[in-house]
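Labels below follow one simple rule: chain letters A, B, ... track the order of the sequence lines, proteins then strands, and each chain is numbered from 1.
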Amino acid sequence: MNVFAEVEKRVLAALEGLAQRGVLPEGLDFSAVAVEQPRDPSHGDLACNAAMVLAKAAKMKPRDIAEALAAVLKADPDVVSAEVAGPGFLNLRMRDAFWHAVVRDIFTSGAQYGATNIGAGAKTNVEYVSANPTGPMHVGHCRGAVFGDALANLLAFSGFDVTREYYINDAGGQVDVLARSVFLRYREALGEDIGEIPQGLYPGDYLKPVGEALKAAHGAALRDQPEEAWLSLVRRFAIEQIMPMIKDDLAALNIRHDVFFSEASLTQAGTDKVKAAIDDLRRTGLIFEGRLEKPKGHDDEEWEDREQTLFRSSEFGDEADRALMKSDGTYTYFAGDVAYHYDKLQRGFRHLVNVFGADHIGYIPRMLATIAAFTGGTVERDAKGKLKYWHTSGGSADLDIKVVNLVKLFKNGEPFKMSKRAGTFVTLRDVVDEVGRDPVRFMMLYRKELEPLDFDFAKVTEQSKDNPVFYVQYAHARAASVLRNAREAFSGLEWAGDGRVAADLSLLTDRGELDLVKKCAFFPSLIEGAARAHEPHRVAFYLYDLASAFHAHWTRGNDLPQLRVIQADDRALTAARCALVAALQQVLSSGLRVLGVGAPEAMR
RNA sequence: GGCCCCGUAGCUCAGUGGAUAGAGCAUCAGAUUCCUAAUCUGAGGGUCGCAGGUUCAAAUCCUGCCGGGGUCGCCA
């Protein structure tokens with residue numbers, strides 16, 4: 001049960017009644033009426049904006065509408081008070097029993113409390129990470145990885161049928177570089193002195209075992225072959241060796257994808273899915289042969305003006321049309337991506353979510369254009385024709401592009417660029433090993449995704465104990481601890497079983513206790529809002545706030561022992577409070593699970 | 001130069017068109033014979049970058065500036 005939705009229903013019913021009685025005009029649009037949490041809890045439990053929203057259309061003073069509405073709602077048995085305040089807010093206070101019902105609801109729903117069905121089982125594809133398969137993951141990758149994973153969790157919790165997908169960029173020039181780099185390590189494994197790694201090849205030591213493995217598989221058979229003979233073989237071999245490294249790195253962050261889609265597979269084994277996709281796009285009339293203007297601010301002599309196959313993405317607000325074929329007759333990266341997304345659509349996904357790094361921001365309009373063209377959807381634009389949002393809508397499927405801002409790297413307060421060659425390459429594994437999985441995940445999520453993030457390895461390591469994740473986890477552990485202690489204090493104490501509350505919740509009368517329930521009651525709304533906005537960070541901030549309320553209430557027990565959960569001389573009260581604590585623990589645990597962060601039973 | 005993102009307390013950041021704009025850190029003052037002090041209570045600290053506009057109501061939406069960052073042909 002979502003208490004906000006529930007009370008909103010009652011408010012709407014009251015408004016209908018007022019309209020029928022002629023207090024309000026007929027035919028008013030109630031769609032903007034909302035029941036929300038007041039910012040200041042002293043205003044009440046719930047606040048409604050109906051009077052202000054309707055005043056103009058009803059040609060009435062907001063306060064008059066609010067008073068009329070208040071009179072109706074006062075008759076609701078769950079409503080203790082309905083007061084008009086400020087410009088016309090209707091502030092409602094609900095009786096304790098209303099909140100006790102929330103505790104009962106949490107037990108009934110269990111781990112499903114907060115889960116919604118706003119996704120209605122729609123097939124949804126979340127593509128994230130998609131790092132080049134040329135080496136282990138580094139810190140720069142982990143923000144998008146964690147974000148995408150948490151978003152996938154959030155959507156799954158909200159009723160979407162989620163597929164987590166990784167697009168392996170195994171078809172471009174960088175994998176040829178990888179193959180040559182591995183071949184060098186292979187010669188090294190065969191005993192050759194390879195000296196310095198030449199410019200333009202990957203120097204990392206992580207390729208040594210790959211070279212060894214190549215030797216183990218092929219002996220010296222490849223050594224004296226020309227590059228044409230071994231390049232594609234070594235390329236595939238190297239990727240097969242490196243993808244497990246990447247999967248291990250991701251597993252260290254508790255990330256597991258369902259599908260790894262190979263870019264190279266689009267044009268392998270005699271098929272040409274890229275051509276098929278482009279041919280299908282042709283029916284829209286958006287594929288044409290033409291010339292591109294030289295980009296402004298780019299006075300490069302190498303610019304070659306030529307006629308080429310283009311996609312008219314400018315039709316959808318992109319700055320320019322985009323090339324699909326290179327001058328050597330091969331496909332561009334974009335052409336492959338067109339085919340890849342065509343494939344996603346053919347697999348039946350209704351919703352696509354792509355997680356991009358901020359360095360790919362210029363790529364967004366053409367991807368939106370592609371999906372809009374394939375699905376018959378639209379990309380919303382402003383009066384000047386510029387993109388308004390990073391999503392398409394209205395077609396047979398839609399795409400939302402989420403951009404995670406860059407992780408700016410610092411070392412001892414000084415910015416630095418990562419360089420494999422200079423030894424300033426910080427691997428994701430280093431960070432996870434040093435700081436821990438949960439703190440890394442929480443740090444990445446405790447921030448809006450578009451906000452830049454400074455990352456100083458030394459500082460993060462040193463301050464990892466101050467990470468807010470422990471604050472939230474400690475709240476969970478405290479809850480677990482007091483429940484353990486209560487069971488020890490009262491043998492056979494039970495507050496719930498079979499999804500039902502066995503305690504007398506009417507004993508929960510303290511304001512602090514009820515405030516905790518109210519915060520828990522917000523969880524379903526919070527999840528729904530975060531899922532709709534694709535913003536997992538809201539969950540992290542909510543959990544911090546909930547933990548804070550619990551810690552504060554807990555500490556009140558220092559001065560006021562009668563507020564402690566365990567009351568040695570009152571079994572029934574202890575049971576009721578345990579039910580509350582267990583409900584709160586459930587919400588913490590569900591929220592942490594969405595974030596992919598552990599919910600420990602104890603922290604010592 | 002075009003486009004995009006960001007600009008809120010000393011610092012790092014939340015903020016769903018709503019009421020007196022919040023939290024953490026830092027600073028200062030306190031709390032531990034007490035279910036875990038990895039905690040809590042309090043104080044000080046703000047022209048929400050600037051200027052207009054829309055609205056009953058703007059940190060939030062629109063326009064134009066300013067500052068910081070990113071990005072800009074067939075790379076991936």
(message) Heavy atoms from C-beta onward define the side chain here; which of B/A19, B/C4, B/G24 lies closest to that of A/Tyr544?
(response) B/G24
(message) So for A/Arg306 and B/C74, does any side-chain atom that can act as donor or acceptor lie under 3.5 Å from a complementary atom in the base?
(response) yes
(request) Decide if atom CD of A/Glu494 counts as having more than 12 heavy atoms of other residues, nucleotides or ligands within a radius under 6.0 Å. (result) no
(request) In whole angstrom, give me the gap between the P atoms of B/A9 and B/U47. (result) 8 Å
(message) Are A/Tyr167 and A/Tyr340 an aromatic pair, judged by ring center distance below 6.0 Å?
(response) yes
(message) The side chain of A/Thr555 is closest to which nucleotide in this list: B/U39, B/A19, B/G64?
(response) B/U39
(request) For A/Thr392 and A/Leu399, indicate whether the former's side chain and the latter's backbone hold a donor-acceptor pair under 3.5 Å. (result) yes
(request) For A/Phe550 and B/U41, give me the distance from atom CZ to atom P, rounded to whole Å. (result) 14 Å
(message) Of the listed nucleotides (B/C4, B/C40, B/A19), which one gets closest to any side-chain atom of A/Trp390?
(response) B/C4
(message) Quick check for you: among B/C74, B/C40, B/C3, whose closest atom lies nearest to any side-chain atom of A/Ala552?
(response) B/C40
(request) With heavy atoms under 4.0 Å as the rule, sort A/Lys465 into base, sugar-phosphate or nothing. (result) nothing
(request) May I ask you to say whether A/Glu528 pairs ionically with A/Arg532, meaning some side-chain N is under 4.0 Å from a carboxylate O? (result) yes
(message) Tell me the interatomic distance from A/Leu516, atom CG, to B/C35, atom P, rounded to whole angstroms.
(response) 19 Å
(request) Please state the C1' separation for the pair B/C65 and B/G45 - nearest whole angstrom. (result) 30 Å
(message) For A/Arg538, is there an ion pair with A/Glu535 - N to carboxylate O distance below 4.0 angstrom?
(response) yes
(request) Applying ring-ring contact (aromatic ring centres under 6.0 Å, His included) between A/Tyr446 and each of A/Phe470, A/Phe541, A/Phe147, report the one that passes. (result) A/Phe541
(request) Determine the contact category for A/Ala47: base if any of its heavy atoms lies under 4.0 Å from a base atom, sugar-phosphate if only primed atoms, P, OP1 or OP2 are that close, otherwise nothing. (result) base
(request) Assess whether side-chain contact (heavy atoms from CB on, under 4.5 Å) is satisfied between A/Val33 and A/Cys48, documenting all intermediate values. (result) CA-CA 7 Å; A/Val33 172; A/Cys48 182; 4.0 Å; yes
(message) Could you tell me how far B/C35 sits from B/C48 if I compare only their P atoms? Round to whole Å.
(response) 46 Å
(request) Would you classify A/Thr332 as touching base, sugar-phosphate or nothing, given that sugar-phosphate means primed atoms plus P, OP1 and OP2, and contacts are heavy atoms under 4.0 Å? (result) sugar-phosphate
(request) Have a look at A/Asp40 and say if it touches a base, only the backbone sugar-phosphate, or nothing, with a 4.0 Å heavy-atom cut-off. (result) nothing
(request) Calculate, to the nearest 0.5 Å, the distance between atoms CG and OG1 belonging to A/Asp456 and A/Thr461 respectively. (result) 8.5 Å
(message) Checking contacts here: which listed nucleotide (B/U39, B/C35, B/A19) is nearest the side-chain heavy atoms of A/Arg564?
(response) B/C35
(message) Quick check on RNA chain B: between A/Tyr363 and A/Lys388, whose nearest nucleotide comes earlier from the 5' end?
(response) A/Lys388
(message) Pairs counted only when both distances fall under 3.5 Å, Watson-Crick or G-U: show me the 5' to 3' dot-bracket for RNA chain B, [ ] for pseudoknotted crossings and | for other-strand partners.
(response) (((((((..((((....[...)))).(((((.......))))).....(((((..]....))))))))))))....
Pairs under 3.5 Å (N/O, protein and nucleotides 9-18 of chain B):
{"residue": "B/U12", "atom": "O2'", "partner": "A/Arg447", "partner atom": "NH2", "Å": "3.0"}
{"residue": "B/C13", "atom": "OP1", "partner": "A/Arg447", "partner atom": "NH1", "Å": "2.5"}
{"residue": "B/C13", "atom": "OP1", "partner": "A/Pro452", "partner atom": "O", "Å": "3.2"}
{"residue": "B/C13", "atom": "O5'", "partner": "A/Arg447", "partner atom": "NH1", "Å": "2.9"}
{"residue": "B/C13", "atom": "O5'", "partner": "A/Arg447", "partner atom": "NH2", "Å": "3.3"}
{"residue": "B/A14", "atom": "OP1", "partner": "A/Lys448", "partner atom": "N", "Å": "2.6"}
{"residue": "B/A14", "atom": "OP2", "partner": "A/Glu451", "partner atom": "OE1", "Å": "3.4"}
{"residue": "B/G15", "atom": "OP1", "partner": "A/His537", "partner atom": "NE2", "Å": "2.8"}
{"residue": "B/G15", "atom": "OP2", "partner": "A/Lys448", "partner atom": "NZ", "Å": "3.4"}

(request) Would you classify A/Ile566 as touching base, sugar-phosphate or nothing, given that sugar-phosphate means primed atoms plus P, OP1 and OP2, and contacts are heavy atoms under 4.0 Å? (result) base
(request) Give a yes or no on whether the ring-centroid distance for A/Phe410 and A/Phe455 is below 6.0 angstrom. (result) no
(request) Grab the two heavy atoms, one from A/Ala531 and one from A/Ser158, that are nearest each other, plus how far apart they are. (result) CB-OG, 3.2 Å
(request) Can you figure out which of B/A38, B/A19, B/C35 approaches the side chain of A/Met603 most closely? (result) B/A38
(request) Could you give the distance separating B/A58 and B/C62 at their C1' atoms, to the nearest angstrom? (result) 11 Å
(request) Measure from CG on A/Leu310 to P on B/C74 and round the result to the nearest Å. (result) 11 Å
(message) Suppose you measure atom P in B/A43 against the same atom in B/C61; what distance do you get, rounded to whole Å?
(response) 32 Å
(request) Test for a donor-acceptor pair under 3.5 Å between the base of B/C35 and the side chain of A/Ser481, counting only N and O atoms. (result) no
(request) Return the nearest nucleotide to the side chain of A/Arg366; candidates are B/A19, B/C4, B/A76. (result) B/A76
Mind listing the N/O atom pairs, protein and nucleotides 66-71 of chain B, below 3.5 Å?
{"residue": "B/G70", "atom": "O2'", "partner": "A/Ala358", "partner atom": "O", "Å": "3.4"}

(request) Quick one: label A/His43 by what it contacts on the DNA or RNA (base, sugar-phosphate, nothing), any heavy atom closer than 4.0 Å. (result) base
(request) Would you indicate what A/Gly172 reaches in the nucleic acid, counting non-hydrogen atoms under 4.0 angstrom: base, sugar-phosphate, or nothing? (result) sugar-phosphate
(message) Give me the distance, rounded to whole Å, that separates B/C13 from B/A26 when you measure between the C1' atoms they each carry.
(response) 14 Å
(request) Tell whether A/Asn91 reaches the base of B/A19 with its side chain through a donor-acceptor pair below 3.5 angstrom. (result) yes
(request) Using a 4.0 Å heavy-atom cut-off across all strands, classify A/Ala489 as base, sugar-phosphate, or nothing. (result) nothing
(message) Tell me whether the NZ or CZ atom of A/Arg312 lies within the 45° cone about the ring axis of A/Phe288 and under 6.0 Å from its centre.
(response) yes
(message) Please classify the nucleic acid contact of A/Lys384 as base, sugar-phosphate, or nothing, using heavy-atom distances under 4.0 Å.
(response) sugar-phosphate
(request) May I ask you to check whether over 12 heavy atoms, not counting those of A/Arg564, lie within 6.0 Å of atom CZ? (result) yes
(request) Quote, to the nearest angstrom, the P distance that separates B/C72 from B/U12. (result) 27 Å
(request) Could you tell me whether the side chain of A/Lys465 and the main chain of A/Glu462 form a donor-acceptor pair under 3.5 Å? (result) yes
(request) Between B/U27 and B/G44, how far apart are the C1' atoms? Round to whole Å, please. (result) 9 Å
(request) Indicate the atoms forming the closest heavy-atom contact of A/Gln473 with A/Met603, along with that distance. (result) C-SD, 3.5 Å
